[in-house]
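Predicted, not measured: the structure shown is a model, and the values here were computed from it. Scope of the values below: all heavy atoms of this structure, side chains included, with no hydrogens, waters or symmetry mates.
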Amino acid sequence: MLSALLVPASATEVTVSWAWRTSGYDNGERLQATVTGGSSGPQVVSYSGTSWTSQSLTLTGVSGSVGITFDTNANRKNERGYVDDVLVQ
């Protein structure tokens, strides 16, 4: 999943936040988020816990748009990654 959001020209800092959890993952498997659009390049964070947890990243030097991609390296039908409450502000 990839979302690109246009950012007003007056915004130079954007915070992207979400909640996530996994289910049935094996050791070494993870759910990953990549957030792009800041002056420091893509920011990548990973999670493999089974409890809902909140995550946020703040981008500086933003101009134009912000993108967020969620992916996983899970490889079986019973392994799930869940993402909820995505907020860009």
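Residues Trp52 make up the rest of the hydrophobic cluster containing Tyr82, defined by ILVMFWY side-chain heavy atoms closer than 4.5 Å, directly or through other members.
Taking CZ of Arg21 as the start and OG of Ser48 as the end, the distance is 13.0 Å to the nearest 0.5 Å. Rounding to the nearest 0.5 Å gives a distance of 8.5 Å between OG of Ser39 and CG of Leu59. In this structure, Thr22 OG1 and Arg30 CZ are separated by 12.0 Å, a value rounded to the nearest 0.5 Å. The CG atom of Leu87 sits 11.0 Å away from the OG atom of Ser54 when rounded to the nearest 0.5 Å. With rounding to the nearest 0.5 angstrom, the CG atom of Leu31 is 7.5 Å from the CG atom of Asp71.
Under the ring-ring contact (aromatic ring centres under 6.0 Å, His included) criterion, Tyr47 pairs with Trp20, sequence neighbours left out. Checked against side-chain hydrogen bond (donor to acceptor under 3.5 Å, both in side chains), Thr58 has the following partners two or more places apart in sequence or in another chain: Thr15. By the side-chain hydrogen bond (donor to acceptor under 3.5 Å, both in side chains) test, Gln55 pairs with no residue at all, sequence neighbours left out. Applying the side-chain hydrogen bond (donor to acceptor under 3.5 Å, both in side chains) rule to Asn73 yields no partners; only residues at least two apart in sequence or on another chain are considered. For Ser17, there are no side-chain hydrogen bond (donor to acceptor under 3.5 Å, both in side chains) partners two or more places apart in sequence or in a different chain.
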Open item on the list: Pair Val86, Asp84 - check side chain to side chain contact (heavy atoms under 4.5 Å, CB included), show working.
Closed with: CA-CA 6 Å; Val86 178; Asp84 200 2; over 6 Å; no
Open item on the list: Show, in sequence, the C-alpha distance, side-chain angles and deciding distance for Gln43 and Thr36, and conclude whether the side chain to side chain contact (heavy atoms under 4.5 Å, CB included) test is met.
Closed with: CA-CA 7 Å; Gln43 295 188 36; Thr36 59; over 6 Å; no
- [ ] Check the pair Glu29, Asn75 against side chain to side chain contact (heavy atoms under 4.5 Å, CB included), reporting the backbone distance first and the verdict last.
- [x] CA-CA 9 Å; Glu29 294 177 331; Asn75 58 7; 3.0 Å; yes
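Side-chain N/O atoms of Tyr25 and Thr72 include a donor and acceptor closer than 3.5 Å.
When each of Thr34, Val66, Val45 is tested with Leu57 by the rule side-chain contact (heavy atoms from CB on, under 4.5 Å), just one qualifies, namely Val45.
Nearest heavy-atom pair, Gln32 versus Ser46, reported as atom, atom and distance to 0.1 Å: OE1-OG, 3.6 Å.
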